[in-house]
Amino acid sequence: MSMTAAAPSVRRLDPVLVDRIAAGEVVERPASAVKELVENAIDAGARTIEVTVEAGGRRLIRVVDDGRGMTPDDLDLAVERHATSKLPGGDLSAIDTLGFRGEALPSIGAVSRLAIVSRTPDAEAGASLTIEAGLKGPVRPAAAQRGTRIEVTELFAATPARLKFLKSDRAENAAIAEILRRLAVTQPGIRFTLRADAGQPLLLPAESGPEADLRRLAAVLGPDFTANALPASLAREGFAVTGHVGLPTYHRAAATHIHLAVNGRPVRDRLLLGAVRGAYADTLASDRHPVLGLSIACDPELVDVNVHPAKTEVRFREPGLVRALVVSAIHDALRRGGARSATTGAARTLDALRPAGPPLAIHSGIAAPSLFQPARPGPFPAHAPSVAAPPGYGRSEAWRPATAARAPDPAFALSDERGFAEAAQAPFARPEIEAPPHADVRSVAEAAEAIDHPLGAARAQIHETYILAQTRDGLVIVDQHAAHERLVYERMKAERARGGIARQGLLIPDVVEMSPEEAERLVAAAPDLDRLGLAIEPFGPGAVLVREVPAALIGASVRDLVTDILDALDASGDEEGGAPATEGGPLGRRLDAVLSRMSCHGSIRAGRRLRPEEMNALLREMEATPNSGQCNHGRPTSIELKLSDIERLFGRR
């Protein structure tokens, strides 16, 4: 005899079970509960918010604010599911608060013991209410200060399986601190305090007045951020982007220092993160991340914030416009940054130079001239050859070259019209130059004025790789290859934007052999490469013929150039997402990646000797070129050391 099992009947879930299921979406971990409670405090107009946690939030989460508070009737209704005071018109297209669903308190109460005490400013006494594992108690009078005090104890006691998936107390405390920092960045006028049973408290005082946003960002991101931040501001078609972005050479190994907000709501939106990555694409190493804080303001009807349970993602009505706006705002800020490099590079340099022990007291009967102060006036020694001093030194100043010199090569003569980029294409260089016995007064005057430029006046070249320049209050060290690589790259990008990169035909076309697959890939990209000044065509199986190259790359190895372009095409073809580059989307990123590889072949190499005027021309062009503070790979092109720091190294301060 066979028996057929009856089909299960549909039934309505118990309300407490419904709240516990909802808590799985809203309260993923203790940090999620903190986020919901702090957002409620912000929406209530609080100016001071204090958070206390114990055992990573498992044992206790306490949030105290000085906001508007709740009446007894409001308190009784606030813990009911889908009850809220934040949608007075019931219009989801006009949300201007952080919370709006009415799920936080009942969801938290369903998986813990929840106690609330609240008082409005005009009430003589407060009201209290307790929920334990979803069971609501009565509202009772209570002594209370203005605002609301919420305590969550034994979180997930009603759902013990969830406790198994929580991390260590230290990790949960770190997640809570991160949530509070992200909320604090969007609310600089509110004082935030976080106290845990382990570690130092997090104290973020309220900021006001000009630069309040920057001071709050510095409090969250670290004090070095102020010196390495650039203001960003751009508005277009109903959207406005404001904030501060870090220099490309001021970066981190993780993306946790990227703070983004939409209408005051901290978000981790893929569209915005992709726009940030795209904006820094050719100024930052691929395994590093920028440091910044940006806020997007718009009409609430232009953005949908009701698309994610944790409300960390949004949807824009015009996503392409917002992406382009973020990219443009960051690009404009970095362009204004010019040749600036992160101050942290100087700190690391000084740490490397600083001796391990106390400074030694060195006594000598001879007073050596300071690096930044000319020696006392006096004639050259009788045995000194007649040579030109570096720019900025007069005839009476004690400067002596290391070696004898020979006549200058006319190919390296620079004029005001040509600039460094053209001179760098001349044949590789020669030793020091001989000069007339009397220094050129005009060149000395020009060099003296150069000290007032951001990168100062060139004083020397060491190891035929690094340029030493003197500024009014310090010293700048420039990597000549990295700097010129960026200059060539930016110049070719500008030429491409104007309609075409200057090219030059090869007297004898160069045949480059490779695998048949690589040749096919390269020929398929020929139309794009032609726009970059590189004319190639197939030359049988496994080879291509190169007829023209960009004029800036004349003299470079065509074989090495083609190999690097293949690598760039492979790398750019593997990338997905990100913000559009100059020509938009994947094509723009593809062309920029190729240009970046090409520019390396057109730049001056380490090991090439430069004349003083060449070095100064390089410095001036760096100052006039956007993004010249870092090379195409994200490394700094210059490091500045302040005179006061150098004096400390020698015990002068």
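These numbers come from the heavy atoms of this one structure, side chains and all, not from hydrogens, waters or symmetry mates.
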**Q** Would the distance check show the side chain of S599 and the main-chain N or O of S596 forming a donor-acceptor pair, the cut-off being under 3.5 Å?
**A**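 Side chain of S599 to backbone of S596, a donor-acceptor pair under 3.5 Å: yes, one is there.
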**Q** Is there a side-chain contact (heavy atoms from CB on, under 4.5 Å) between V546 and I536? Walk through the geometry before answering.
**A** CA-CA 4 Å; V546 180; I536 66 171; 3.9 Å; yes
**Q** Quick one, D282 with K493, criterion salt bridge (charged side-chain N to carboxylate O under 4.0 Å, His left out). Give me CA distance, side-chain angles, the key distance, then yes/no.
**A** CA-CA 11 Å; D282 61 355; K493 281 204 303 183; 2.8 Å; yes
**Q** Side-chain contact, heavy-atom cut-off 4.5 Å: D269 with R315?
**A**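 Heavy-atom side-chain distance check passes, below 4.5 Å.
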**Q** Within the side chain of T249, is there an N or O that forms a donor-acceptor pair under 3.5 Å with the backbone of P636?
**A**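 Checking the backbone N and O of P636 against the side chain of T249, no donor-acceptor pair under 3.5 Å is found.
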**Q** Give a yes or no on whether the backbone of N627 and the side-chain of Q630 come within a donor-acceptor separation of less than 3.5 Å.
**A**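 Looks like yes, one N/O pair under 3.5 Å.
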**Q** Mind checking whether R620 and L455 have side chains closer than 4.5 Å, heavy atoms only?
**A**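 A side-chain contact exists here, since the closest heavy-atom pair is under 4.5 Å.
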**Q** So does A218 get a backbone contact from the side chain of T226, meaning a donor-acceptor N/O pair under 3.5 Å?
**A**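 Not a single qualifying donor-acceptor pair exists.
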**Q** Please check this pair: side chain of E495 against backbone of A502, looking for a donor-acceptor N/O pair closer than 3.5 Å.
**A**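 At least one qualifying donor-acceptor pair exists.
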**Q** Is the shortest heavy-atom distance from the side chain of E318 to the side chain of L302 under 4.5 Å?
**A**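 Not touching, per the 4.5 Å side-chain cut-off.
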**Q** Let me confirm one number: the CG-CD1 distance from L234 to I330, rounded to the nearest 0.5 Å.
**A**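 L234 atom CG to I330 atom CD1 measures 11.0 Å (nearest 0.5 Å).
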**Q** State whether the side chain of T625 and the backbone N or O of M622 hold a donor-acceptor pair below 3.5 Å, judged by distance alone.
**A**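 Pair absent, no side-chain N/O of T625 close to backbone of M622.
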**Q** Test side-chain contact (heavy atoms from CB on, under 4.5 Å) on L475 and L643 and set out the steps.
**A** CA-CA 7 Å; L475 170 72; L643 177 57; over 6 Å; no
**Q** The test is salt bridge (charged side-chain N to carboxylate O under 4.0 Å, His left out); show your working for R182 and E178 and say whether it passes.
**A** CA-CA 6 Å; R182 293 198 173 277; E178 179 66 12; 2.9 Å; yes
**Q** Within the 4.5 Å heavy-atom criterion, are V291 and I258 side-chain neighbours or not?
**A**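 No, too far: nothing below the 4.5 Å cut-off.
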**Q** Would I451 and R459 count as a side-chain contact (heavy atoms from CB on, under 4.5 Å) here? Give the steps.
**A** CA-CA 10 Å; I451 294 178; R459 286 290 182 254; 3.5 Å; yes
**Q** How close do L334 and G246 get, counting heavy atoms only, and between which atoms?
**A**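 Answer, listing the atom of L334 first, then G246: CD2-O, 3.9 Å.
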**Q** Taking atom types as modelled and ignoring hydrogens, do the side chains of D224 and Y250 form a donor-acceptor contact shorter than 3.5 angstrom?
**A**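 Judged by distance alone, the side chains do not pair up.
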**Q** Would you please test M598 and L561 for side-chain contact (heavy atoms from CB on, under 4.5 Å) and show each step?
**A** CA-CA 6 Å; M598 293 169 63; L561 175 63; 3.7 Å; yes
**Q** Is it the case that atom CD in E513 sees more than 12 heavy atoms from other parts of the structure closer than 6.0 Å?
**A**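 Counting other residues, nucleotides and ligands, CD of E513 stays at 12 neighbours or fewer.
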**Q** For the residue pair T465 and H481, establish whether any side-chain heavy-atom pair is separated by less than 4.5 Å.
**A**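 Not in contact.
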**Q** Can you name the closest pair of heavy atoms from A469 and G456 and give their distance?
**A**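 Heavy atoms of A469 and G456 come nearest at CB-C, 4.4 Å.
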**Q** Using a 4.5 Å cut-off on heavy atoms from C-beta on, say whether the side chain of V267 contacts that of I296.
**A**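 Result no, sub-4.5 Å side-chain heavy-atom pair not found.
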**Q** Could you tell me whether the side chain of R559 and the main chain of V512 form a donor-acceptor pair under 3.5 Å?
**A**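 Judged by distance alone, no pair lies under 3.5 Å.
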**Q** Are the side chains of R486 and N632 in contact, using a 4.5 Å heavy-atom criterion?
**A**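 Heavy-atom side-chain distance check passes, below 4.5 Å.
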**Q** Do the side chains of I501 and L595 get nearer than 4.5 Å, heavy atoms only?
**A**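 Yes. Closest side-chain heavy atoms under 4.5 Å.
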**Q** Any side-chain to backbone donor/acceptor pair from H257 onto P290? Under 3.5 Å, distance only.
**A**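 Flag not set: sc H257 to bb P290 has no pair under 3.5 Å.
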**Q** Output yes when a side-chain donor or acceptor of E548 lies under 3.5 Å from a complementary backbone atom of R503, and no otherwise.
**A**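 Side chain of E548 to backbone of R503: no pair is present.
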**Q** Given 3.5 Å as the limit, does a donor-acceptor pair link the side chain of Q461 with the main chain of R608, or not?
**A**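 Present.
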